Amino acid sequence: MAYPAAVDSWLRPSTQAPGIAALQRALLWAVGAGGAIVYIEPSPYEFATLAAIVVFFATGLRMRLAFLPLLLLLFLINIGYTISAVHLMDKTQIVNWIMTSWYMAVTVIFFALVFSEDTEARLDLMRRGLIVGAVIASVAGVAGYFHLVPGEHDVLTLYGRARGTFKDPNVLSAFLILPALFVLQSVVTDRFGKAFRSAIALGIISLAVLLAFSRAAWGQFVLTSAFMLVLMFLTSPSGKQRSRLVLTAVIAAAAIALLLAVLLSLDSVESLFKERASFDQSYDGGRFGRFGRHILGFQMALEQPLGIGPLQFTRFFPEDTHNSYLNAFMSGGWISGISYPVLIFTTVTLGFRYIFVRVPWQRTYLAVFAAFLGTVGESFIIDTDHWRHFWLMLGMMWGMFAATHQYRADLRDTPAQPARREGHLRG
């Protein structure tokens, strides 16, 4: 499925009064920061997002033709879920699951619309909010792990793993990946003062990722960081910037390795690290282990065109699907099972298409795309269906697709401007 070429005059940048624009950007900062506190529901993220939706639509945000494919796929995914759950609607848990899925779809459309206009400024405020939220969540997780908050160890940890302001260590560490990439970018590109502050933030976030003891997050952190740095190297406009990027990346990697070595000198950290780092986990192997369930589940999916309904997989198997693509088939039948991967891998395909397009927000784009791609891969071994930050990144990606398309169109329509804009980008 191709991105429509018909991104036309509907996609012109909006002009807002300075006060309204400042309010909109502040709300985006609040959404980013609020995404770090999800131990309670509804969380600050929900309140901030709802407020942002009301304010943005009240001040001129409108649906755009470019997002019809996105809207259609999200509708098909959720209509599949709803059809499969019809016979289960007497259960509150199922109703809540369905409502959450529809809500996540709404946020995707909203964020796509938001970031298709005033893109650079809005992305910057969201980036800053996410970093602040990540530091807060990381500090909470680290403090809980090392018993630095009296009486709160059991609240801030789970099974000896840091979870901070999240319910699950796996979700905490997954949320931290994108902010970690943002601060890593600052470390390798910004001036010394800002880079130094970012290095401190990166150390705190990296420590929290490690102490969450999520194997998937460890791998995702390493791979997405490497992938993003390679893209930054390839898209860097000068040899001097490439040299600095390589040098600072090596220093950052050495510092993180030193931090890991120091932590592994602690007996409590070393024992749990060895346990979690092992690939020989009892819940992964065997006929009904994680990967065995994947095979059996997909076999079942072929025989269940309407699926079995949300949260029903454990009626047949010892644990959940731990695979978002399988869960789409199980929870929504063939409609959701086909539409969900089409949406995700269409986004990935488009993401590669825009990597080398030089726009003012290219650096942010590379971080978001790397983190999104990492979560797409992680979705093969864990359920990411209701991760707020995953749907946020999806909306951000589509918003940047539309904005980039319009930016290029504007350059073609105004021959006198490209030289000035290119000079601005090089600066």
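On a predicted model such as this, the values are computed, not experimentally measured, just so you know.
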Practice problem: Determine yes or no for a side-chain-to-main-chain donor-acceptor pair under 3.5 angstrom, with Ser214 supplying the side chain and Ala217 the backbone. | Solution: yes
Exercise. Could you check Ser206 against Phe221 for side-chain contact (heavy atoms from CB on, under 4.5 Å), going step by step and ending with a plain yes or no?
Key: CA-CA 9 Å; Ser206 300; Phe221 187 27; 3.5 Å; yes
Self-check item: Nearest atoms (heavy-atom pairs only) where Phe317 meets Gly297
Solution: CZ-N, 4.3 Å
Quiz item: Looking only at heavy atoms, what is the nearest atom pair of Val38 and Gly35, with distance?
Solution: CG1-O, 3.7 Å
Quiz prompt | Step-by-step side-chain contact (heavy atoms from CB on, under 4.5 Å) determination, Val31 to Tyr45 | solution = CA-CA 5 Å; Val31 170; Tyr45 176 89; 3.6 Å; yes
Quiz prompt | Worked check of ring-ring contact (aromatic ring centres under 6.0 Å, His included) between Phe369 and Phe352 | solution = CA-CA 8 Å; Phe369 179 52; Phe352 278 105; 5.0 Å; yes
Quiz prompt | Gly374 to Thr224 - nearest heavy-atom pair and separation | solution = CA-CG2, 3.8 Å
Practice problem: Might you work through the side-chain contact (heavy atoms from CB on, under 4.5 Å) test for Phe213 and Val269, ending with a clear yes or no? | Solution: CA-CA 9 Å; Phe213 293 99; Val269 176; 4.2 Å; yes
Quiz item: Counting distance only, does the side-chain N/O of Thr59 pair as donor-acceptor with the main-chain N or O of Phe56 below 3.5 Å?
Solution: yes
Quiz prompt | Separation between CG of Leu207 and CD1 of Ile204, rounded to the nearest 0.5 Å | solution = 8.5 Å
Quiz item: Are side-chain N/O atoms of Glu378 and Thr384 paired as donor and acceptor at under 3.5 Å?
Solution: no
Quiz item: Any side-chain heavy-atom pair from Met99 and Val95 closer than 4.5 angstrom?
Solution: yes
Quiz item: Just checking, any donor-acceptor pair under 3.5 angstrom between side chains of Arg358 and Thr235?
Solution: no
Self-check item: Check: Tyr325 ring centre within less than 6.0 Å of Phe345 ring centre
Solution: yes
Self-check item: Spatial distance of atom CG (Leu71) from atom CG (Leu76) [nearest 0.5 Å]
Solution: 9.5 Å
Quiz item: Is the side chain of Gln185 donor-acceptor paired with the backbone N or O of Arg363 at a distance under 3.5 Å, no angle test?
Solution: yes
Quiz item: Below 4.5 Å, heavy atoms only, C-beta onward: do Ser225 and Leu181 meet side chain to side chain?
Solution: yes
Practice problem: Go through the side-chain N and O atoms of Ser324 and Asp383 and say whether any donor and acceptor fall under 3.5 Å apart. | Solution: no
Exercise. Check whether any side-chain N or O of Tyr365 sits under 3.5 Å from a backbone N or O of Gly351 as a donor-acceptor pair, and report yes or no.
Key: yes
Practice problem: Check the pair Phe110 / Leu61 against side-chain contact (heavy atoms from CB on, under 4.5 Å), numbers first and verdict last. | Solution: CA-CA 9 Å; Phe110 170 68; Leu61 194 66; 3.8 Å; yes
Quiz item: Considering all heavy atoms of both residues, which atom of Val357 and which atom of Gln362 are nearest to each other, and what is their separation?
Solution: O-NE2, 3.3 Å
Self-check item: Side-chain donor or acceptor of His322 paired with backbone N/O of Ile381 under 3.5 Å
Solution: no
Quiz item: For the residue pair Ala301 and Phe329, what are the closest heavy atoms and their distance?
Solution: CB-CB, 3.8 Å
Exercise. Report yes if some heavy atom in the side chain of Lys91 is under 4.5 Å from a heavy atom in the side chain of Leu88; otherwise report no.
Key: yes
Exercise. Check whether the ring centres of Trp391 and Tyr103 lie less than 6.0 Å apart, and answer yes or no.
Key: no
Quiz item: Quick check: does any side chain N or O of Thr375 sit under 3.5 Å from a backbone N or O of Ala371, one acting as donor and the other as acceptor?
Solution: yes
Quiz item: Would you say Phe356 has more than 12 foreign heavy atoms packed within less than 6.0 Å of its CZ?
Solution: yes
Practice problem: Find the distance between CG (Leu172) and CG (Leu158) and round it off to the nearest 0.5 Å. | Solution: 11.0 Å
Quiz item: Mind checking whether Trp398 and Thr347 have side chains closer than 4.5 Å, heavy atoms only?
Solution: yes
Quiz item: Side-chain contact, heavy-atom cut-off 4.5 Å: Met396 with Phe401?
Solution: no
Quiz item: How many angstroms lie between OH in Tyr39 and CG in Leu156, if you round to the nearest 0.5 Å?
Solution: 8.5 Å
Quiz item: Can the ring centres of His386 and Trp97 be said to be less than 6.0 Å apart?
Solution: yes
Quiz item: For atom CH2 of Trp29, is the number of surrounding heavy atoms from other residues, nucleotides or ligands below 6.0 Å larger than 12?
Solution: no
Exercise. Taking the side chain as every heavy atom from C-beta outward, state whether Val368 and Phe182 have any atom pair closer than 4.5 Å.
Key: yes
Quiz prompt | Pairs meeting criterion side-chain hydrogen bond (donor to acceptor under 3.5 Å, both in side chains) with involvement of residues 77-87, two or more places apart | solution = Thr82-Trp102
Exercise. Report the distance from atom CG of Leu72 to atom CZ of Phe67, rounding to the nearest 0.5 Å.
Key: 15.0 Å
Quiz prompt | Residue list, ring-ring contact (aromatic ring centres under 6.0 Å, His included) with Phe372, at least two apart or on another chain | solution = Phe390
Self-check item: Exam field: side chain Trp387 to backbone Phe175, donor-acceptor pair closer than 3.5 Å
Solution: no
Quiz item: Would you say Ile177 and His389 make side-chain contact, with heavy atoms under 4.5 Å?
Solution: no
Self-check item: Heavy-atom neighbours of Phe196 CZ exceed 12 at 6.0 Å
Solution: no
Self-check item: Within-4.5 Å side-chain heavy-atom neighbours: Asn327 and Phe313
Solution: no
Quiz item: What residue among Arg412, Gln406, Arg408 forms side-chain hydrogen bond (donor to acceptor under 3.5 Å, both in side chains) with Asp410?
Solution: Gln406
With a 3.5 Å cut-off and sequence neighbours excluded, list the donor-acceptor pairs that the side chains of residues 254-261 form with protein atoms.
none

Practice problem: Determine the minimum heavy-atom distance between Leu306 and Ile83, stating which atoms define it. | Solution: CD2-CG2, 4.3 Å
Quiz prompt | Asn170 backbone acceptor or donor facing Asp168 side chain under 3.5 Å | solution = yes
Quiz prompt | Flag, side chain of Glu46 to backbone of Ser43, donor-acceptor distance under 3.5 Å | solution = yes
Self-check item: Separation between OG of Ser339 and CD1 of Ile344, rounded to the nearest 0.5 Å
Solution: 11.0 Å
Self-check item: Any donor-acceptor N/O pair, Arg163 side chain to Gly141 backbone, under 3.5 Å
Solution: no
Quiz item: Under a 4.0 Å N-O cut-off, is there an ion pair linking Asp124 with Arg25?
Solution: no
